[in-house]
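Naming convention: chains lettered A, B, ... in sequence-line order (proteins, then strands); numbering from 1 in each chain. All values below come from the heavy atoms of this structure, side chains included, with hydrogens, waters and symmetry mates left out.
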2 protein chains.
Amino acid sequence: MNVKGLCLAILFRGDTTGYDIRKASSEGDYSYFAEASFGSIYPALNRLEAEELVTCRLEPQEGKPARKVYSITDAGRQAFLEELSQPPKPDVFRSGFLLVAIYAKLLGPKVIEKALDLRLEQLNEELNCMTECKDKCSPDETNYDPLIAAAGEWTRRYGAHVITASIAYLKENRAQLMAIANGELPIDLSGKLAV
Amino acid sequence: MNVKGLCLAILFRGDTTGYDIRKASSEGDYSYFAEASFGSIYPALNRLEAEELVTCRLEPQEGKPARKVYSITDAGRQAFLEELSQPPKPDVFRSGFLLVAIYAKLLGPKVIEKALDLRLEQLNEELNCMTECKDKCSPDETNYDPLIAAAGEWTRRYGAHVITASIAYLKENRAQLMAIANGELPIDLSGKLAV
DNA sequence: AGGAGCATGTAAGCTGTTACATGATTTC
DNA sequence: GAAATCATGTAACAGCTTACATGCTCCT
């Protein structure tokens, strides 16, 4: 999804600012859909306003620049749902960790150990985000809808299940990968891959 | 990883052409690390050659343009492993499916059904790639190394495990998501997220 | 006869990032 | 006193995709 779609998706659940859109996309939930920086979000919001898919109101603050709070319009909602109804692009998984793992022998135990720790840390953070940040994927309380909340809950449970499986496998098999990095051969290559 | 790194990664396991690098990155294994089109691969290979990280030999063919077969140099190997030794960027997962799932109620059962089927199909394809395309992540037979093959095997087993967990969850819980899309409420929202 | 696959390459254009500019407030 | 957070925005640049150009072979 592009930055415009990302903004609409986040505005769908409630009014917010460009600043907070960036936070949701790079740190919070919604980091599973797209990531964007200020340099792309602010221009995108201006374009969306010109196309009347969002509106904007100024909220002055003391000492800080006025917050520009955006709201999605009906046309915006419609455009967003229409885009979502198209067959989605295949999900994307890009793993720096897997690439490092493939070259375990050449990179050596120090690099592999660090990569394993980092990946486990990242997975635990993601799991936290899934289990603790409840309701972040559902709209704010003013327009709470139990069905939309349920869909968010379903999605988080799904994510949590996959992440948990990933963590478990990593913990159980990290010794094997470390052995390879150390120049030992712990895996029987003759057998079929047993899932 | 950028296109140059992708080319080096693929050339690391054996000589090949720009055409085949694109195939490996968009269809085969290595699609887990980066994807690239001809428009970026060919210029990248030229730049790599200018930097003497790869060499190139022409293999004439009848009726077709001569294949430009690239080989990685020692400097290329060194540059690649050095890049890999840096702390890797966090793994990225971008899911069009999860986004659709969150808006299940608003998109309706038809869209959700199609998205579920598509996602399951994609996951099964990925699993196939993991289990059937054995040895694709290891170098060709001329410079076979059991430790490098073992690392590839470890990586594929890891991938297969996670994909299997994902498929199992989707199959078990698709009825729940369909219920939400149909306007029913099958999930107890009062309880904590149970993994 | 038409389309897919093989094989390379260029040019225009889109999208997004990085770095900068501004400036007050809060935290260490 | 320095750094982080809040809050917006612009300009230069990097990187990549899309579309095109070329042309032969194999399959249906």
Side-chain angles (χ1 to χ4, degrees), chain A residues 1-11 15-28 30-31 33-51 54-71 83 89-90 92 94 96, chain B residues 1-11 15-28 30-31 33-51 54-71 83 89-90 92 94 96:
Chain A
M1 213 181 24
N2 57 17
V3 178
K4 268 164 72 174
L6 172 74
C7 291
L8 287 180
I10 292 177
L11 287 170
D15 298 356
T16 189
T17 65
Y19 191 87
D20 286 327
I21 288 176
R22 196 205 127 263
K23 266 209 336 207
S25 85
S26 64
E27 295 159 35
Y30 281 83
S31 57
F33 313 124
E35 194 173 343
S37 59
F38 292 127
S40 54
I41 288 173
Y42 288 124
L45 286 170
N46 286 329
R47 263 179 292 145
L48 285 171
E49 201 185 357
E51 295 168 25
V54 305
T55 58
C56 173
R57 62 174 188 278
L58 278 172
E59 282 189 1
Q61 300 178 113
E62 281 175 32
K64 297 176 197 168
R67 296 173 49 163
K68 295 177 79 171
V69 180
Y70 290 90
S71 309
E83 206 197 301
K89 289 182 192 165
V92 171
R94 291 286 139 71
Chain B
M1 209 179 26
N2 56 18
V3 179
K4 267 165 74 174
L6 172 75
C7 291
L8 287 179
I10 293 177
L11 287 170
D15 298 356
T16 189
T17 65
Y19 191 86
D20 285 328
I21 288 175
R22 198 205 127 263
K23 268 208 336 206
S25 87
S26 64
E27 296 160 36
Y30 281 84
S31 57
F33 313 125
E35 194 174 342
S37 60
F38 291 129
S40 55
I41 288 173
Y42 288 124
L45 286 170
N46 286 329
R47 263 180 292 145
L48 285 171
E49 200 185 358
E51 294 168 26
V54 305
T55 57
C56 173
R57 63 174 187 277
L58 277 172
E59 282 188 2
Q61 298 179 112
E62 281 175 31
K64 296 176 197 168
R67 290 165 45 112
K68 293 178 79 170
V69 180
Y70 290 89
S71 309
E83 206 197 301
K89 287 182 195 169
V92 171
R94 291 286 138 73

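Of the side-chain N and O atoms in A/S37, one or more sit less than 4.0 angstrom from OP1 or OP2 of C/dT17.
Ranking D/dT18, C/dC6, D/dA7 by closeness to the B/Y19 side chain, first place goes to C/dC6. Closest to the side chain of A/K23, out of C/dC6, D/dT17, D/dC6, is D/dC6. Taking the side chain of B/V3 as heavy atoms from C-beta on, and the options D/dG9, C/dT18, D/dC16, the nearest nucleotide is D/dC16. Nearest to the side-chain atoms of B/S40 among the listed nucleotides D/dT8, C/dT8, D/dT17 stands D/dT17. Among C/dG16, D/dA7, D/dT18, the nucleotide with an atom closest to any side-chain atom of A/N2 is C/dG16. Of the candidate nucleotides D/dG9, C/dT8, D/dA7, D/dG9 has the atom nearest to the side chain of A/Y70.
If you measure from atom OH of B/Y42 to atom C1' of D/dA19, you get 15 Å, rounded to the nearest angstrom. In this entry the distance linking CD1 of B/I21 with C1' of C/dG9 reads 15 Å, nearest Å. One interatomic measurement links the two molecules: CG of A/L45 to P of D/dT8, which rounds to 9 Å at whole-angstrom precision. Rounded to an integer number of Å, the gap from B/D20 CG to C/dC6 C1' is 9 Å. Between B/Q61 atom CD and C/dG5 atom P there is a gap of 17 Å when expressed in whole angstrom units. Rounded to whole Å, the distance from CZ on A/R22 to C1' on D/dA7 is 12 Å. If you measure from atom CZ of A/R57 to atom C1' of D/dA7, you get 16 Å, rounded to the nearest angstrom. In this structure, the NZ atom of A/K4 is 12 Å from the C1' atom of C/dT15, given to the nearest Å.
No contact: B/E59 has no heavy atom under 4.0 Å from any strand.
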| message | Checking B/R47 against B/E49 for the salt bridge (Lys or Arg N to Asp or Glu O under 4.0 Å) test, could you report, in this order, the C-alpha distance in whole Å, the side-chain angles of both residues, the deciding distance, and whether it holds? | response | CA-CA 5 Å; B/R47 263 180 292 145; B/E49 200 185 358; over 6 Å; no

| query | side chain to side chain contact (heavy atoms under 4.5 Å, CB included) between A/R94 and B/M1: does it pass, once the steps are laid out? | reply | CA-CA 9 Å; A/R94 291 286 139 71; B/M1 209 179 26; over 6 Å; no

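Between B/Y42 and B/F38, the ring-plane angle classifies as parallel under the 30° and 60° cut-offs.
A/K4 places a side-chain heavy atom less than 4.5 Å from the side chain of A/E51.
Of the candidates B/T16, B/V54, B/I21, B/I21 is the only one forming a side chain to side chain contact (heavy atoms under 4.5 Å, CB included) with B/C7.
Comparing A/K68 and B/M1 along DNA chain D, the residue whose closest nucleotide (by nearest heavy atom) sits nearer the 5' end is A/K68. Taking the nucleotide of DNA chain C with the nearest heavy atom to each of B/N46 and A/A36, the more 5' of the two is matched to B/N46.
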